[in-house]
Enquirer: 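Have a look at the structure that comes next, please.
Every heavy atom of this structure was used, including side-chain atoms; hydrogens, water molecules and symmetry mates were not. The residues of the chain are indexed from 1 along the displayed sequence. Both ligands and their constituent atoms are indexed starting at 1 by order of listing.
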Amino acid sequence: KKIVYSGIQPSGNLTLGNYIGALKNFSELQDEYNCLYCIVDMHAITVPQVPKDLRATSLDLASLYLAAGLDPEKSILYIQSHVKQHAELSWILGTITGLGQLQRMTQYKDKAAKQKELNAGLLFYPVLMAADILLYGTNFVPVGDDQTQHMELTRDIAERFNSRYSETFVVPEMMRAKKGARIMSLQDPTAKMSKSDPDENASIYLIEDDKATARKIKRAVTDSIGIINYTDDQPGLKNLIDIYSVFADLTPEEIVKKYEGVGYGVFKEELAELVVDGLKPVRTRFKEIRQDKTYLEEILKAGDEKAERLAERTMKKVRRKVGFVQL
Ligand code: ATP
Ligand code: MG
């Protein structure tokens, strides 16, 4: 079986963007691939986190993975910081990565612009991501569109290592969601929806009550054109149609047709209902799983061990190829 790898940062409350672009698709891959899903807490601390919140959010995220259908019998679910090989490999990969390449990453530029004091970890983020992926011989990486540039860098780093030290890493491919690979902010349809966005009205969170979800959809920024159409001139509406399309299993064209001559208010109300119903199973299961700390810890411990065994196998090769003494 081919290997699938993906990670999500416990950097806040997961959004509908994370769900549609990533999480929702993970469970469907479990039968066809050997999957590893990671809680990337080391990535999360590249922006300031409150330690006790980070701990809670990491367990929220583990519960959400499971609530979304991840089966720990089939897939490996684990915490990045528990597998030391991630830090070790990222250091080595950093030595073959161009500084200029890292400085050109748009995620770095976006996040750097929001920070008062820049830390080196934020710049190094894509190298750690490359290490995550390359440690496991990953073939496919299901992530949202925003990770395209990081995926290209990962491939580049893998190829560079292979040509410098001989064939070692599988060069991974990105696996884009069929629909909704880029969900936009409800308050600014030119920016992607992000869990680290301080404006709570900009995102629908997986963990929030149905009323909040409905209210945010009704308040989502649209336009004054007043006609339901799927075009770049109406980016707010386009985003809402994309979301609708995921939950109703209709194409944007079918949705436009369905709402011909109907106002935004009615459309938004029906969308809110669809989203609330669509998220209901995940929200219900989340509450059950999150309460069961023993169960969660058991799964995570087992995942750590399995991941670490695989990671160590890769690292043994890497250390030898790089020329580190082995005793
Ligand atoms: P942060 O603001 O802390 O970076 P985030 O919302 O961007 O949070 P990440 O943990 O960086 O979330 O990414 C987790 C996964 O969700 C990745 O696969 C990413 O591509 C995907 N993703 C993030 N935002 C969106 C979005 N708006 N639409 C679709 N997929 C998304
Ligand atoms: Mg992100």
Enquirer: So Tyr5 and Tyr136, would you call those rings parallel, tilted or perpendicular, with 30° and 60° as cut-offs?
Expert: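 Rings of Tyr5 and Tyr136: parallel, under 30°.
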Enquirer: Heavy-atom contacts with ligand 1 below 4.0 Å: which residues, ordered by chain and residue number?
Expert: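 Within the 4.0 Å shell of ligand 1, which is judged on heavy atoms, sit Ile8, Gln9, Ser11, Gly17, Asn18, Gly21, Ala22, Lys111, Val143, Gly144, Asp146, Gln147, Gly180, Ala181, Arg182, Ile183, Lys192, Met193, Ser194, Lys195, Ser196.
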Enquirer: Angle between ring planes, Tyr125 versus His150, binned at 30° and 60°: parallel, tilted or perpendicular?
Expert: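 The arrangement is tilted - the two ring planes meet at 30° to 60°.
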Enquirer: Tyr165 ring centre to Lys321 NZ or CZ under 6.0 Å, with the angle to the axis within 45°?
Expert: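 Negative - Lys321 is either too far from the ring of Tyr165 or too far off its axis.
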Enquirer: Atom OG in Ser11, atom CG in Asp53: separation rounded to 0.5 Å?
Expert: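 Output value for this atom pair is 12.0 Å.
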Enquirer: Please work out which of the three classes, parallel, tilted or perpendicular, describes the rings of Phe26 and Tyr65, given edges at 30° and 60°.
Expert: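 Parallel, since the angle between the ring planes stays under 30°.
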Enquirer: Is there a donor-acceptor contact under 3.5 Å from the side chain of Asp292 to the main chain of Ile289?
Expert: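 Looks like no, no N/O pair under 3.5 Å.
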